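One structure is given below, encoded as structure tokens.
Letters A, B, ... mirror the listed sequences (proteins, then strands); counts begin at 1. What you see is a predicted model, and the numbers here were worked out from it, not measured in a lab.
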Amino acid sequence: TVGAVALDTKGHVAAATSTGGLTGKRWDRIGDSPIIGAGTYADDRACAVSATGAGEYFIRAGVAHEICARIRMKGDGGKEAADAVMAEVKALGGDGGVIVVTPKGEATWSFNTPGMYRGKASAEGRTVAIFGDE
Amino acid sequence: TDWKLVIHGGAGVIERSRLKPEQEKEIRAALDLALQTGSKILASGGDSLDAVEAAVKVLENDPNFNAGRGAVFTYDGTNEMDSAIMDGETRNAGAVAGVTATKNPISLARAVMEDSPHVMLSGEGANQFSKEQGLEQAPPEYFATPERRRQLDELKARKLSWFDVDLKYG
């Protein structure tokens, strides 16, 4: 699954997610990617989120919307909210990760797998990483 | 406001010992190209919506990732793709599920958001909407790659669980 979240110079956020699904999937299985609120969500009042991982768990936790709700209603930071919701996913038995940007300019990620293909960019430069210890 | 862009290309059991140096180089280059593409839009004052679509299209076009070209196979040996996009300013959203012929599914999700009254379309209806919108179509062989076929064959031969295979390769 691939995805992107962005904050533009006008202060607006957006999220996009795209996937091939799950190897060997049957019965027209649909994961979290096209489920607005699970794998993808954007709200200028909170953040933009794109997720990757075991989709059924992300749907149950309502991951993308839950992260935004924590930021908007609880005052969490982006990293704090993402880590908390990914801990819920882990507790349910799911693995994966999320990327998050907030209108305040926080750009972060959280994942509970050994690695995640990921990258960040801003006016200061670009960073790409794969492994968990990078 | 300072602009920001974050991308992902999948999460899972990604270990240094199992990732070939050449493949790691290709993946890092693709991630960097996606960042460059989205950054160019944002740095010139463009919209976040345009930036995320452009960045995702780069990754959809790269066979190293599980989206677009390089998407994993279903049990029946086909490629079915899902995508979604959302605008934080308006909370407009568009999504597609189980599409098979749109070269860049993320652009189809955006077309659903902007050119239909709906949020999600699926299957043959979504394919039809894509054609009606004039989006670029691609044949099944464009999306299929030998490596993804090998992974499906491995899953069937070893009777691995679906999640094991996805987390290993997705």
Most heavy-atom pairs under 4.5 angstrom with chain B, which of [options]?
options	value
A:Glu124, A:Lys104, A:Lys120, A:Arg118	A:Lys120
A:Pro114, A:Ser33, A:Gly119	A:Gly119
A:Gly11, A:Ala123, A:Pro103, A:Ala15	A:Ala15
A:Ala42, A:Ala129, A:Gly31, A:Cys68	A:Ala42
A:Ala46, A:Gly39, A:Ser50, A:Ala48	A:Ser50

Ionic contact status for B:Arg16 with A:Asp133, cut-off 4.0 Å: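 Counted as a salt bridge, because a side-chain N and a carboxylate O are separated by less than 4.0 Å.
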Electrostatic pair B:Arg28-A:Glu134, nearest N-O below 4.0 angstrom: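 So B:Arg28 pairs with A:Glu134 through a salt bridge.
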Heavy-atom proximity to chain A below 4.5 Å, by part of [X]:
X	result
B:Val99	neither
B:Leu19	side chain
B:Thr74	both
B:Leu42	both

Donor-acceptor side-chain pairing of A:Thr1 and B:His8 below 3.5 angstrom: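 Note: A:Thr1 and B:His8 side chains miss the donor-acceptor criterion.
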Contact leader toward chain A among [options], where contacts are heavy-atom pairs under 4.5 Å:
options	answer
B:Asp32, B:Val96, B:Leu49	B:Asp32
B:Glu80, B:Met120, B:Met86, B:Gln36	B:Met86
B:Gly68, B:Ser48, B:Ala71, B:Ala55	B:Ser48
B:Gly46, B:Gly123, B:Ala109	B:Gly46
B:Leu59, B:Thr90, B:Leu31, B:Asp2	B:Leu31
B:Ile41, B:Ile27, B:Asn79, B:Val119	B:Ile27

When rounded to the nearest 0.5 angstrom, what is the spacing between [atom1] in [X] and [atom2] in [Y]?
X	Y	atom1	atom2	answer
B:Ile7	A:Tyr117	CD1	OH	13.0 Å
A:Thr9	B:Lys4	OG1	NZ	13.0 Å
A:Thr17	B:Ile106	OG1	CD1	6.5 Å
A:Asp43	B:Asp87	CG	CG	10.5 Å
B:Ser122	A:Ile30	OG	CD1	7.0 Å
A:Thr23	B:Asp153	OG1	CG	11.0 Å

Taking all non-hydrogen atoms of both residues, which atom of [X] and which atom of [Y] are closest, and how far apart?
X	Y	result
A:Ser18	B:Ala67	O-CB, 3.4 Å
A:Ile36	B:Ala93	CD1-CB, 3.8 Å
B:Leu152	A:Gly24	CD1-CA, 3.8 Å

What part of [X] gets within 4.5 angstrom of chain B, counting heavy atoms only: side chain, backbone, both, or neither?
X	answer
A:Ala107	both
A:Val100	backbone
A:Ala51	backbone

Hydrophobic cluster identity match, B:Leu135 and B:Leu121, side-chain contacts under 4.5 Å: yes
Same apolar cluster (I L V M F W Y, side chains within < 4.5 Å links), B:Leu35/B:Val56: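 Per the 4.5 Å side-chain linkage, B:Leu35 and B:Val56 are co-clustered.
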Side-chain cluster (under 4.5 Å, hydrophobic types only) that A:Val5 belongs to, other residues: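 So far as hydrophobic clustering goes, A:Val5 is joined with A:Leu7, A:Val13, A:Ile99, A:Val101, A:Trp109, A:Phe111, A:Met116, B:Val6.
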Side chains of A:Val2 and B:Asn66 in contact at under 4.5 Å (non-hydrogen atoms):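 Side-chain contact under 4.5 Å: no.
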Side-chain heavy-atom pair A:Phe131, B:Glu24 within 4.5 angstrom cut-off: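 With C-beta onward as the side chain, the pair touches.
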Any donor-acceptor N/O pair, B:Asp47 side chain to A:Asp8 backbone, under 3.5 Å: no
